[in-house]
Amino acid sequence: MDTLTLRPDQPFSLDHTLSCGQVFRWEKDGGWWYGIVDQNVIRVRQRGRKLSWQGADEAQIRHYFQLDLDLPAILTVIAHDPLVRDAVARCNGLRIVAQPPWECLASYICATYTNIPVIKKRIALFSARYGEEIPFRGKTYHAFPTPEALAEAGECDLRECRMGYRAPYLCDTAGIIAGDPGWEQRVSLLPYPDARKELLRLKGVGKKVADCVLLFAFQKYEAFPVDVWIRKILTARYPGAAGSGRDEDIAAFGRQTFGPYAGYAQEYLFCNRENIGIEEDNG
DNA sequence: TCCCAGGGACCCA
DNA sequence: TGGGTCCATGGG
């Protein structure tokens with residue numbers, strides 16, 4: 001068991017961070033969160049400012065949860081907006097994690113036009129089938145499948161994992177990534193607009209998926225993913241501000257309004273989506 | 001039964 | 001470029 005004491009001036013909420021919808025391979029059981037990151041099963045618990053875990057070293061924990069990122073400085077930039085300020089108050093301590101890029105890319109290809117519980121089931125299904133076994137505390141978990149494993153599985157087999165029309169997209173992209181081991185570093189080094197263009201070349205990756213991957217895996221915080229929730233919230237609460245209401249106009253509005261940390265504003269709004277009135281006369 | 005969900009590809013004007 | 005339309009699936 002490893003522990004660290006969180007700095008009092010750096011808010012962190014394990015619950016908000018893992019339940020806000022940015023990750024799909026974590027489950028809470030008996031006060032502990034269990035998740036699979038790369039080849040590690042991690043269980044982690046927060047009690048006040050004390051963080052305890054097994055299955056990773058401290059550097060991995062600090063990186064994954066971005067504990068050394070100055071969150072109050074970011075919130076100062078984005079919380080000038082009352083809607084975001086309210087979301088920050090309700091989702092205090094939410095941090096955008098640093099997901100493994102391939103896992104994040106493949107996960108969000110699976111996440112189109114569906115809902116979070118279904119996404120989690122779908123990913124669990126093909127991870128159990130194609131991911132390497134990892135024993136942990138008497139149970140067997142599965143790593144996220146490698147691009148090689150998913151490319152080899154083929155479209156038909158992926159359809160058996162309830163992937164539906166996403167199966168050929170995932171299979172195609174898995175093949176490209178498997179044959180391009182330098183993609184992660186290349187995307188990482190590109191500025192946001194160019195990194196986005198690079199991801200948009202992949203099958204099953206549109207603007208929203210690309211922005212999610214850049215935000216959740218590459219720490220490009222100016223990315224502002226526009227999904228159905230964000231579209232509803234912004235068009236209802238900022239009528240006229242987001243241009244014609246096209247997703248690209250909404251994303252541009254987000255980046256202009258919240259600057260280099262637009263993605264953080266987006267994630268707080270998404271986390272607080274159930275509490276934000278979206279009726280048109282509710283503004 | 002119907003509607004909706006962390007959308008994208010494809011077609012057509 | 002921009003606007004329909006279709007696509008598989010499962011939860012509520």
Side-chain angles (χ1 to χ4, degrees), chain A residues 16-27 87 91 94-97 99 101 103-127 129 153-176 196-218 220-236 242-252 254-255 262-276 278-279:
Chain A
H16 284 140
T17 296
L18 293 180
S19 65
C20 70
Q22 62 177 321
V23 292
F24 305 115
R25 302 210 73 200
W26 287 89
E27 297 293 340
C91 308
L94 163 65
R95 284 175 184 261
I96 293 176
V97 305
Q99 296 186 36
E103 170 179 335
C104 187
L105 170 62
S107 294
Y108 278 90
I109 288 175
C110 302
T112 62
Y113 199 38
T114 185
N115 55 62
I116 291 172
V118 174
I119 298 165
K120 294 173 92 167
K121 284 187 179 179
R122 193 173 284 147
I123 292 172
L125 196 58
F126 72 64
S127 292
R129 185 178 291 207
E155 174 185 338
C156 293
D157 284 357
L158 288 176
R159 280 190 185 272
E160 291 179 12
C161 297
R162 324 310 294 169
M163 288 288 297
Y165 63 88
R166 306 165 191 84
Y169 303 156
L170 182 59
C171 185
D172 188 274
T173 290
I176 290 173
R196 195 177 192 234
K197 287 178 188 170
E198 180 81 8
L199 292 180
L200 286 171
R201 296 165 50 199
L202 300 167
K203 275 294 176 66
V205 179
K207 292 161 185 172
K208 191 269 177 181
V209 170
D211 278 338
C212 283
V213 175
L214 293 171
L215 183 58
F216 301 136
F218 287 99
K220 298 196 186 295
Y221 298 122
E222 62 267 61
F224 193 87
V226 179
D227 73 324
V228 294
W229 289 99
I230 293 300
R231 187 183 310 128
K232 283 180 187 173
I233 291 169
L234 293 193
T235 55
S244 63
R246 293 186 312 125
D247 289 354
E248 275 297 88
D249 292 335
I250 295 171
R255 289 194 293 272
Y264 252 95
Q266 190 273 4
E267 197 54 19
Y268 274 95
L269 291 175
F270 184 84
C271 183
N272 196 39
R273 62 193 181 280
E274 306 283 1
N275 300 314
I276 299 176
I278 56 175
E279 290 76 15

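Note on naming: letters A, B, ... go to the chains in the order of the sequence lines (proteins, then strands), and numbering restarts at 1 for each one. Values below: every heavy atom of this structure, side chains too, minus hydrogens, waters and symmetry copies.
Among residues two or more places apart in sequence or in another chain, the salt bridge (Lys or Arg N to Asp or Glu O under 4.0 Å) test is passed with A:Asp227 by none. Under the rule for a side-chain hydrogen bond (donor to acceptor under 3.5 Å, both in side chains), the partners of A:Glu155 that lie at least two apart in sequence or sit in another chain are A:Arg159. Partners of A:Tyr169 according to the ring pair (Phe, Tyr, Trp, His ring centres under 6.0 Å) rule, which considers only residues two or more places apart in sequence or in another chain, do not exist here. A:Asp157 pairs by the salt bridge (Lys or Arg N to Asp or Glu O under 4.0 Å) definition with nothing, not counting sequence neighbours.
Within 4.0 Å of A:Val205, counting heavy atoms only, lie sugar-phosphate atoms of the nucleic acid but no base atom. Looking at heavy-atom distances under 4.0 Å, A:Gly204 makes contact with sugar-phosphate atoms alone, never a base. Looking at heavy-atom distances under 4.0 Å, A:Ile109 makes no contact with the nucleic acid at all.
Two residues are said to be in side-chain contact when any heavy atoms from C-beta on lie closer than 4.5 Å; A:Ile276 and A:Trp229 fail this criterion. Side-chain contact check for A:Glu267 versus A:Phe216: some heavy-atom pair is nearer than 4.5 Å.
Less than 4.0 Å separates DNA chain B from at least one heavy atom of each of the following residues of residues 265-273 of chain A: A:Gln266, A:Glu267, A:Phe270. Listed by residue number, the members of residues 156-172 of chain A with any heavy atom below 4.0 angstrom from DNA chain C are A:Arg159, A:Arg162, A:Gly164, A:Tyr165, A:Arg166. Looking at residues 110-123 of chain A, you'll see A:Tyr113, A:Asn115, A:Val118, A:Lys121 sit with a heavy atom under 4.0 Å from some atom of DNA chain C.
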Between A:Arg25 and A:Ser127, is the side-chain contact (heavy atoms from CB on, under 4.5 Å) condition met? List the steps. CA-CA 10 Å; A:Arg25 302 210 73 200; A:Ser127 292; 3.4 Å; yes
For a side-chain contact (heavy atoms from CB on, under 4.5 Å) check, start with the C-alpha distance between A:Trp26 and A:Val97, then their side-chain angles and the critical distance, and finish with the verdict. CA-CA 12 Å; A:Trp26 287 89; A:Val97 305; over 6 Å; no
Mind running side-chain contact (heavy atoms from CB on, under 4.5 Å) on A:Phe126 and A:Glu160 for me, showing each step along the way? CA-CA 9 Å; A:Phe126 72 64; A:Glu160 291 179 12; over 6 Å; no
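Sorted by first and then second residue, the pairs that involve residues 201-217 of chain A and meet salt bridge (Lys or Arg N to Asp or Glu O under 4.0 Å), not counting sequence neighbours, are A:Arg196-A:Asp211, A:Glu198-A:Arg201.
For DNA chain B, the stems formed by at least three consecutive Watson-Crick or G-U pairs, with both atom-pair distances below 3.5 Å, span B:2-5 with C:9-12, B:7-13 with C:1-7.
Once you apply a 4.0 Å limit to the heavy atoms of chain A, the touched nucleotides of DNA chain B run 5' to 3' over B:dA5 to B:dA9.
Closest of all the heavy-atom pairs between A:Ala262 and A:Gly254 is CB-O, 3.6 Å.
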I'd like a table of donor-acceptor pairs (distance under 3.5 Å, sequence neighbours excluded) in which one partner is a side-chain atom from residues 105-114 of chain A, with atom names and distances.
from, atom 1, to, atom 2, distance (Å)
A:Ser107, OG, A:Glu103, O, 2.6
A:Tyr108, OH, A:Gln22, O, 2.9
A:Thr112, OG1, A:Arg166, NE, 3.3

Taking distance alone, no hydrogens or angles, what donor-acceptor pairs closer than 3.5 Å link side-chain atoms of residues 268-275 of chain A to residues at least two apart or in another chain?
from, atom 1, to, atom 2, distance (Å)
A:Tyr268, OH, A:Leu94, N, 3.4
A:Tyr268, OH, A:Leu94, O, 2.7
A:Asn272, OD1, A:Asn275, ND2, 2.7
A:Arg273, NH1, A:Phe270, O, 2.7

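Comparing the same atom, P, in C:dT5 and in B:dG6 gives a spacing of 24 Å after rounding to whole Å.
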